[in-house]
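Side-chain atoms are counted along with the backbone in the values below, which use heavy atoms only and exclude waters and symmetry mates.
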Amino acid sequence: MSLRHQYNKGLVKRRTNYGLRAKWLTLCLILFAIELVIVYFRIHDVILVISLHLNIKLDWIRGLETNCEAVPGHNSLKDSRALLNGGENASPLPFCPEMPPNLLGKQELGNEDEDVSLDDLVKNYTLVEPGGRFKPAQCVPRHKVAIIVPHRNRERHLRQFLKAIHPVMQRQQADYGVFVVHQSGTGTFNKAKLLNIGYTEALKQDDYDCFIFHDVDLLAEDDRNLYRCADVPRHLSVGIDKWDYQLPYDALFGGVIAMTKDQFAQVNGYSNEYWGWGAEDDDMYVRILHSCLGLERAQYDVARYRMAYHPSDKSNRVNPYRYTLLVGAAERQRHDGLNNLHYSLVEKTQLPLYTNISADVGKPPLNPKTVGFGTGIDIVVSISLLLLMLTMTCCTCVKSRLPHVLLCPRRIP
């Protein structure tokens, strides 16, 4: 038997009946499965971010918008107004007008680099009561508003926020209180959980019926953007200077939002699972749609904000699992939120311009090494690994003769 005949005979043994090389084909399938795992856990995050910022709504979001049936229920906003109009708490004072008369419109916020001391603010805002409380003396406000601000290591932004928010709320003739919720310790930041804590602790202090969930680095540029609740949840920070006063994508529902007490309870508050930066606001958007509440955005010409610059917070890295959580937001809504909120109250103090709430929110359950959340190196390594795996898969695919069999299906005898 010639050497060529022996070689061809051995070659046939290494192939299947259709010309495939079994070992190379098996290796190709194994590499392809590994790639699917990499894409699911790492790269799909990048794909979803791109789709959202290109304003491409995902199918599961479209389904919530189009297939939502009306849910019968009471209207908490109208109920509160009915109580004011002749209820047990009737007052001899007139009700405050729907449109406050002393609004200034677009206001000058001053130089962002100029700092202000709390002592100066306390001296200037003499009408503000301890705990950041205020209500007008000449009329009866239509709602009792709690402003919830998550916070950690942003003292300068907090002073700028207090300087801006109190004059605006007073000109809007609001009965309000400011609650700053501080996450104690240096662990991974959980903004959504702090907002749930603020809602819970504020209700222990007074019967607030309207809640404004407010980022500390956003300053209102126009006081005609009324801090009030409506029949549906409201998005107040529609235009931010960082994004040229445009809504980056349709699903955005964060920054500054307004919800009644009952609306927030109906959606079960925010999810407690978003450790690190990102997607907790989009999760709330899904919860609102899934609860069939609907939503509205404030008028673009007045809902304008300035975002204060701040460097990256090492304890608030981008959460690489945020969109994995977001896809399951509707399924988790019933058991993830206010009804499973756990925290330790460290301190609750009524300071001259706000109520300080310090809480221990615990540690993230997903990954103990949270310092590596969302770093640029993670993304580069993940994409590089994926490209390497794709190259190896293509090579093994060619070696297995799979393209040849598919394009030229000829059975080998």
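- Here CD1 of Ile212 is found 12.5 Å from OH of Tyr176. Values are rounded to the nearest 0.5 Å.
- More than 12 heavy atoms of other shown residues, nucleotides or ligands fall within 6.0 angstrom of atom CD in Glu296.
- Panel note: side chain Asn225, backbone Leu236; a donor-acceptor pair is recorded below 3.5 Å.
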Just list the side-chain donor-acceptor pairs under 3.5 Å for residues 177-184, sequence neighbours left out, or say none.
{"unit_1": "Gln183", "atom_1": "OE1", "unit_2": "Asn190", "atom_2": "N", "d": "3.0"}
{"unit_1": "Gln183", "atom_1": "NE2", "unit_2": "Thr188", "atom_2": "O", "d": "2.9"}
{"unit_1": "Ser184", "atom_1": "OG", "unit_2": "Ala359", "atom_2": "O", "d": "3.1"}

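- Using modelled atom types, one finds no donor on one side chain facing an acceptor on the other under 3.5 Å when comparing Asn356 with Thr349.
- For the pair Asp301 and Arg224, the salt-bridge criterion is not met [side-chain N within less than 4.0 Å of a carboxylate O].
- Around atom NZ of Lys204, more than 12 heavy atoms belonging to other residues, nucleotides or ligands sit under 6.0 Å away.
- Asp207 pairs by the salt bridge (Lys or Arg N to Asp or Glu O under 4.0 Å) definition with Lys261, not counting sequence neighbours.
- Using a cutoff of 4.0 Å between basic side-chain nitrogens and carboxylate oxygens, Glu98 and Arg228 are scored as salt-bridged.
- A perpendicular orientation is assigned to the rings of His214 and Tyr305, their planes being inclined by more than 60° (bins at 30° and 60°).
- Checking Arg156, Arg154, Arg152 one by one against Val216, the side chain to side chain contact (heavy atoms under 4.5 Å, CB included) holds for a single residue, Arg154.
- A salt bridge links Asp206 and Arg133; the closest N-O separation between the charged side-chain nitrogens and carboxylate oxygens is under 4.0 Å.
- A donor and an acceptor atom, one from each side chain of Gln333 and Ser291, are located under 3.5 Å apart.
- Ion pairing between a basic and an acidic side chain is recognised when a charged N comes within 4.0 Å of a carboxylate O; Glu273 and Arg332 show no such pairing.
- Counting only N and O atoms by type, the side chains of Arg171 and Gln107 include a donor and acceptor under 3.5 Å apart.
- Shown here is Lys106, whose NZ atom has more than 12 heavy atoms of other residues, nucleotides or ligands within 6.0 Å.
- Using a 4.0 Å cut-off between charged side-chain N and carboxylate O, Lys163 and Asp120 make no salt bridge.
- In summary, Asp119 and Lys123 do not engage in a salt bridge, as defined by a charged side-chain N under 4.0 Å from a carboxylate O.
- Using cut-offs of 30° and 60° for the angle between ring planes, the Tyr270 and Phe213 rings count as perpendicular.
- With His235 contributing its side chain and Gly254 its backbone, the two residues share a donor-acceptor pair below 3.5 Å.
- Ring-centre distance between Tyr199 and Phe211: below the 6.0 Å cut-off.
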